[in-house]
2 protein chains.
Amino acid sequence: MTEAMSRPTLEAVAARAGVSRATVSRVVNGGDGVREPLAERVRRAVDELGYVPNQAARSLVTKRHDAVAVVIAEPETRVFADPFFALQLRGISKELTAHDSQLVLLLTEGRDDHARVGRYLAGGHVDGALVFSLHLDDPLPVLIQRAGVPTVFGGRPGWSEGSAPSETAAGAAAPVFVDSDNRGGARAAVRHLVGLGRRRIAHITGALDQTSAVDRLDGFRDERPDADPRLIVESDFTPAGGERAMRELLDNCPDVDAVFAANDLTASGVLRVLRERGLRVPQDIAVIGFDDMLPLAEQTDPPLTTVRQDIEEMGRLMARMLLGGLDRRGGDAAPGGGEPSGVVLPTTLVRRASA
Amino acid sequence: MTEAMSRPTLEAVAARAGVSRATVSRVVNGGDGVREPLAERVRRAVDELGYVPNQAARSLVTKRHDAVAVVIAEPETRVFADPFFALQLRGISKELTAHDSQLVLLLTEGRDDHARVGRYLAGGHVDGALVFSLHLDDPLPVLIQRAGVPTVFGGRPGWSEGSAPSETAAGAAAPVFVDSDNRGGARAAVRHLVGLGRRRIAHITGALDQTSAVDRLDGFRDERPDADPRLIVESDFTPAGGERAMRELLDNCPDVDAVFAANDLTASGVLRVLRERGLRVPQDIAVIGFDDMLPLAEQTDPPLTTVRQDIEEMGRLMARMLLGGLDRRGGDAAPGGGEPSGVVLPTTLVRRASA
DNA sequence: ATGAAAGCGCTAACAG
DNA sequence: CTGTTAGCGCTTTCAT
C-alpha cells in the first residue's frame with residue numbers, strides 16, 4: 001500500500017474536478033467569483049484527495065509567509081527559570097493563531113547566534129518579528145533593521161539617539177515597542193513602603209543593561225531622590241544576585257527597614273537571607289517584588305507583595321501591533337521618525353504579606 | 001534612497017559575478033565542483049549584494065524546510081506556570097540550531113486548535129514534529145500520523161494497542177518517544193521515605209490522563225503494594241490540587257507521616273497546607289516532590305527533596321532523534337512495528353530538607 | 001567544470 | 001465567471 005506518494009497538487013484537484021488550476025486556487029483561497037455548483041465540485045475534490053496547499057509555492061509568489069518570528073535574546077539561563085517568557089509566548093500565540101499566522105521561535109544563546117538570527121530574518125521567511133530581552137549593547141536591533149523586517153520590540157529598546165541603528169535615519173519605520181509601566185510600578189511600590197512608615201528604604205536593582213531595570217531604578221529615585229547611595233545595590237534579577245545584594249545591604253546599612261527588589265526572583269533571594277539572619281518580614285524589614293510571578297510570589301514565606309504586570313497581554317498586544325502594521329502594509333506601517341514609539345501597559349500593586 | 005527594492009536574487013548575483021545561476025547555486029550550497037577563482041568571484045558578489053537565498057523557492061524544489069514543529073498540547077494554564085516546557089524548548093533549540101533547523105512553535109489551547117495543527121503539519125511546512133504533553137484521549141496523535149510527518153513524542157504516548165492511530169498498522173513508522181524514568185524515580189522516592197523509617201507513606205498523584213502520572217503511581221505501588229487505598233489521592237499536578245489532596249489526606253489519615261507528591265508544584269501546595277495546620281516538615285511529615293523544578297524546589301520552606309529529571313536533555317535528545325531519522329530519510333527512519341519505541345532517561349534523587 | 005533549460009506548485013494578470 | 005499564460009527564485013539534470 002504505497003500511499004507514500006507525494007501530496008496531491010492543485011493540478012490533481014483541478015483534473016479531478018474537471019476545472020482549471022486557477023479555479024481551484026480561487027476556491028481554496030476563499031472562492032470569490034466562483035459559481036456555487038463548480039465551487040462545490042472543487043471542494044469535494046479537495047476533500048477526496050486530502051489536498052493541502054503547498055506553502056512554499058504559495059509564498060514564492062505571494063511573498064507572504066503567514067509566519068512571525070519571535071526572537072528571545074537572552075544569553076543567560078535566567079529566562080528559562082522564568083515563566084515570564086512563557087506567558088508572553090502564550091499571548092503572542094493566541095493572537096497569531098487568530099490571524100492564521102505561525103510562530104517561529106528564535107532563541108539566541110550567545111553572540112554567535114546573532115548572525116544566524118540576522119540571516120534568518122533577512123532570508124524572508126517571516127512577515128515580521130517580535131523581539132524580546134534586548135540588552136543595551138545588543139547587536140540585534142541593527143541586524144534586524146538591516147534585514148528590513150517589520151518589528152515590534154518587547155520592552156523599551158535601550159539605545160540612545162546616537163547609538164540607534166543607523167539605517168533608522170534613512171526613513172525606515174521607527175522602532176515600535178510594548179512595555180510595562182516599570183517606572184510607575186516602582187513608584188507605587190516605594191510609595192506603599194513609605195505609607196507603611198518605612199524610613200530606610202532600599203532598592204536592589206535588576207541588570208542595568210536592560211531598560212526595565214533602569215526604569216524601575218528611576219521610579220525608585222523619583223520617590224527617594226535623596227536616598228543614601230548605600231541603599232541602592234546593583235544586582236541582576238536572579239535569586240543568587242538578590243542574596244548577595246541583601247547581605248551587602250545588611251552589612252552596610254543594618255538599619256534598613258524595607259527593600260524594593262527589582263523582581264520577584266530577586267525578592268526570593270532577599271527573603272532567604274532575611275530568614276537566615278533571623279529577621280522577620282515584614283515586621284523588621286518589609287519586602288516588595290516586581291512581576292507577580294506565580295507560583296513563586298504566592299509560595300514564598302511570607303507571600304510576596306509585588307507589582308504585577310500583565311505579561312500575557314503584552315505578548316498579545318505586540319502581536320496585534322505587528323499584524324496590524326502588516327495588514328496595512330504599503331502604507332506607513334509605523335509613524336515616521338527615529339524616536340521609538342510605544343505602548344506602555346499599566347502595572348498594579350498586589351498586596352500580600354511581605355509588605 | 002529607495003533601497004527598499006526587493007532582495008537580490010540568484011540571477012542578480014550571477015550577473016554581477018559574470019557566471020550562470022547554476023554556478024552561483026553551487027557555490028552557495030557548499031561550492032563543490034567550482035574552480036576556486038570563480039567561486040571567489042561569486043562569493044564576493046554575494047557579499048556585495050547582501051544576497052540571501054529565498055527559502056520558499058528552495059523548499060519548493062528540494063522539499064526540505066529546515067524547520068521542525070514543536071507541538072505543545074496543553075489546554076490548561078498549567079504549562080505556563082511551569083518552567084518545564086521552557087527547558088525542553090531550550091534543549092530542542094540548541095540541537096536544532098546545530099542542525100541549522102528552525103523551530104516552529106505550535107501551541108494548542110483547546111480542541112479547536114487541533115485541526116489547525118493537523119492542517120499545518122499536513123501542509124508540509126516542516127521536516128518533522130516534536131510533540132509534548134499528550135493526554136490519553138488526545139486526538140493529536142491520529143492527526144499527526146495522518147499528516148505523515150516524522151515525529152518524536154515527549155513522554156511515553158498513552159494509547160494502548162487497541163486505541164493506537166489506525167494508520168500505524170499500515171506499516172508506518174512506530175511512534176518514537178523520549179521519556180524520563182518516572183516509575184524508577186517514584187520507586188527511589190518511596191524507598192528513600194522508607195529508609196527514613198516512615199510507615200504511613202501517601203502518594204498524591206498527577207493528572208492520571210498523562211502517562212507520567214500513571215508511571216509515578218505505578219512506581220509508588222511497586223514499593224507499597226499493600227498501601228492503604230486512602231493513602232493514594234488523585235490530583236492534577238497543580239499547587240491548588242496539592243492543597244486539596246493534602247487536606248483530604250489529613251482528614252482521612254491523620255497518622256500519615258510521609259507524602260510523595262507527583263511533582264514539585266503539588267508538593268508546594270502540600271507544604272502550604274502542612275504549615276497552615278502547624279505540622280512540621282520533615283519531623284511530623286516528610287515531603288518529597290518530583291521534577292526538581294527550580295527555583296521553586298529550592299525556595300520552598302523547607303527546601304524540597306525531590307526527584308530530578310533532566311528536562312533540557314530530554315528536549316535535546318528528542319531533536320537529535322528526529323533529525324537523525326530525518327538525515328537517513330528514505331531508509332527506515334524508525335524501527336517497524338506498531339509498538340512505541342523510546343529512550344528513557346534516568347532520574348536522580350535530590351536531597352534537601354523536606355525528607 | 002560550467003551553462004542551458006526544465007520545472008517545483010502556486011497565484012495573478014489577462015483573455016475570452 | 002472561467003481558463004490560459006506567465007512567472008515567483010531556486011535546484012538539477014543534461015549537455016557542452
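Every heavy atom of this structure was used, including side-chain atoms; hydrogens, water molecules and symmetry mates were not. Within every chain, numbering begins at 1; the chains are lettered A, B, ... in the order of the sequence lines, protein sequences first and strands thereafter.
- Computed from coordinates, the A:R26 CZ to D:dC1 P distance equals 11 Å when rounded to whole Å.
- Taking 4.0 angstrom as the limit, B:K63 places a side-chain polar atom (N or O) nearer than this to OP1 or OP2 of C:dG9.
- Proximity of B:S20 to the phosphate of C:dG3: a side-chain N or O atom is located under 4.0 Å from OP1 or OP2.
- Rounded to a whole Å, the CG atom of A:L10 is 13 Å from the C1' atom of C:dA12.
- Between A:D113 and A:R116 there is a salt bridge, since at least one side-chain N of the basic residue sits less than 4.0 Å from a carboxylate O of the acidic one.
- Contact check, B:R35 against C:dA1: no side-chain N or O comes under 4.0 Å of OP1 or OP2.
- Across all their heavy atoms, A:I92 and A:G315 have their closest contact at CG1-O, 3.3 Å.
- Comparing B:G33 and B:V61, the nucleotide of DNA chain C nearest to each residue sits closer to the 5' end for B:G33.
- Between A:T23 and D:dG3, a side-chain N or O to OP1/OP2 separation shorter than 4.0 Å is present.
- Residues A:V28 and B:G18 both approach DNA chain C. Their nearest nucleotides, taken by heavy-atom distance, put B:G18 toward the 5′ side.
- Atom-to-atom, CD of B:E36 to P of C:dT2 comes out at 10 Å; the value is rounded to the nearest Å.
- Between B:R43 and B:E36 a salt bridge is recorded (basic side-chain N to carboxylate O distance below 4.0 Å).
- Side-chain to base pairing of A:R21 with D:dT4: no donor and acceptor N or O lie closer than 3.5 Å to each other.
- For C:dT11, the OP1/OP2 oxygens have a side-chain nitrogen or oxygen of A:N29 closer than 4.0 Å.
- Scanning atom types as modelled, no donor and acceptor separated by under 3.5 angstrom connect the side chain of A:R7 and the base of C:dG9.
- Rounding to whole angstrom units, CZ of residue A:R58 and C1' of C:dT11 are separated by 9 Å.
- We find that NE2 of B:H65 is positioned 16 Å from P of C:dC8, with the value rounded to whole Å.
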### Task
Decide yes or no on salt bridge (charged side-chain N to carboxylate O under 4.0 Å, His left out) for A:R316 and A:E95, but give the supporting numbers first.
CA-CA 6 Å; A:R316 204 189 336 256; A:E95 192 66 26; 5.0 Å; no
